[in-house]
Amino acid sequence: VNAEAANLLQMIIKEAQQKKSNYKYAILSLSFNFLLFFDRLNSFAHDTKLSDSDSMNYVRKIVNYMELHYMEDLKAKDFAKNCGLSETHMRRIFSEYANMPPSEYLNVVRINKACELLAHKNVSIEETARSVGYPVLSTFLRNFRKITGLSPSAWRKKALQNPQNITSYQISVLKGW
């Protein structure tokens, strides 16, 4: 079950990096399937205070907020405020559906965006870090290595050496999945 979610996320990342024709529609469709997966995964839970569709709507709001604001200095209170929930309740709902805390998911989003920049733009690692929401370079480097298994410069080098196989150099570690 968790492999299916990881596969959907990998497909989204692949589409974003390859940018083939109509890739934006593919990403939109895959993102919907990703969210639908979590909605269906929890459709059998009977002991939640919120209905599954309500919880899934909160998760959708949080994910959409992250996708639009990943480059900003985001905190849990920002996600909670966007949904009208307490921080604790927001974290519980998100973690229940995504099998990871919102902060970890935000790091995956940011590193995915960094991979896009590193593969397709000639920007420094420092500028890449700042543009995806990491004002402190050491934090970016630590998270990049944790998620991709490589340093940003090693990732870029491999991606540029073999651009047709860029998906093999993308995010491969999804802790908790």
If I compare all heavy atoms of [X] with all of [Y], which pair ends up nearest, and what's the gap?
| X | Y | answer |
| --- | --- | --- |
| K113 | V132 | CB-CG1, 3.8 Å |
| C115 | T148 | SG-CG2, 4.2 Å |
| H69 | L74 | O-CD1, 3.3 Å |
| P102 | S95 | CD-OG, 4.2 Å |

Item to check | Positive for side-chain hydrogen bond (donor to acceptor under 3.5 Å, both in side chains) with Y134, one of T128, N107, D73 | outcome: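 Passing option: N107.
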Checklist entry - Does a sphere of radius 6.0 Å around NZ in K81 hold more than 12 heavy atoms from other residues, nucleotides or ligands, not counting ones at 6.0 Å or beyond? => result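 12 or below, so no.
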Would you compute the distance between atom [atom1] of [X] and atom [atom2] of [Y] and round it to the nearest 0.5 angstrom?
| X | Y | atom1 | atom2 | answer |
| --- | --- | --- | --- | --- |
| K14 | I12 | NZ | CD1 | 13.0 Å |
| L9 | N112 | CG | CG | 7.5 Å |
| H120 | L160 | NE2 | CG | 9.5 Å |
| H89 | R91 | NE2 | CZ | 13.5 Å |
| L150 | R156 | CG | CZ | 13.5 Å |
| E96 | M56 | CD | CE | 11.0 Å |

Checklist entry - Given V123 and S131, is the side chain to side chain contact (heavy atoms under 4.5 Å, CB included) satisfied, shown in steps? => result CA-CA 10 Å; V123 295; S131 68; over 6 Å; no
Would you give me the side-chain donor-acceptor pairs under 3.5 Å for residues 59-66, sequence neighbours excluded?
{"residue": "R60", "atom": "NH1", "partner": "N57", "partner atom": "OD1", "Å": "2.9"}
{"residue": "N64", "atom": "ND2", "partner": "R60", "partner atom": "O", "Å": "3.3"}

Next on the checklist: For Y70, is there any backbone N or O sitting under 3.5 Å from a side-chain donor or acceptor partner on R110?
Outcome noted: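 Yes, because the side chain of R110 sits within donor-acceptor range (under 3.5 Å) of the backbone of Y70.
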Checklist entry - When the ring centroid of F79 is compared with that of F94, is the distance short of 6.0 Å? => result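 Judged by ring-centre distance (under 6.0 Å), F79 and F94 do not meet the cut-off.
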Item to check | side chain to side chain contact (heavy atoms under 4.5 Å, CB included) between L141 and S151, worked out | outcome: CA-CA 7 Å; L141 296 173; S151 69; 5.9 Å; no
Checklist entry - Salt bridge or not for R130 and E126, using N-O below 4.0 Å? => result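 Answer for the salt bridge query: no.
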Item to check | side chain to side chain contact (heavy atoms under 4.5 Å, CB included) between Y58 and M90, intermediate numbers included | outcome: CA-CA 8 Å; Y58 288 128; M90 178 278 303; over 6 Å; no
Checklist entry - Does the pair K75 and E87 meet the rule for a side chain to side chain contact (heavy atoms under 4.5 Å, CB included), with working shown? => result CA-CA 10 Å; K75 306 285 186 227; E87 285 183 51; over 6 Å; no
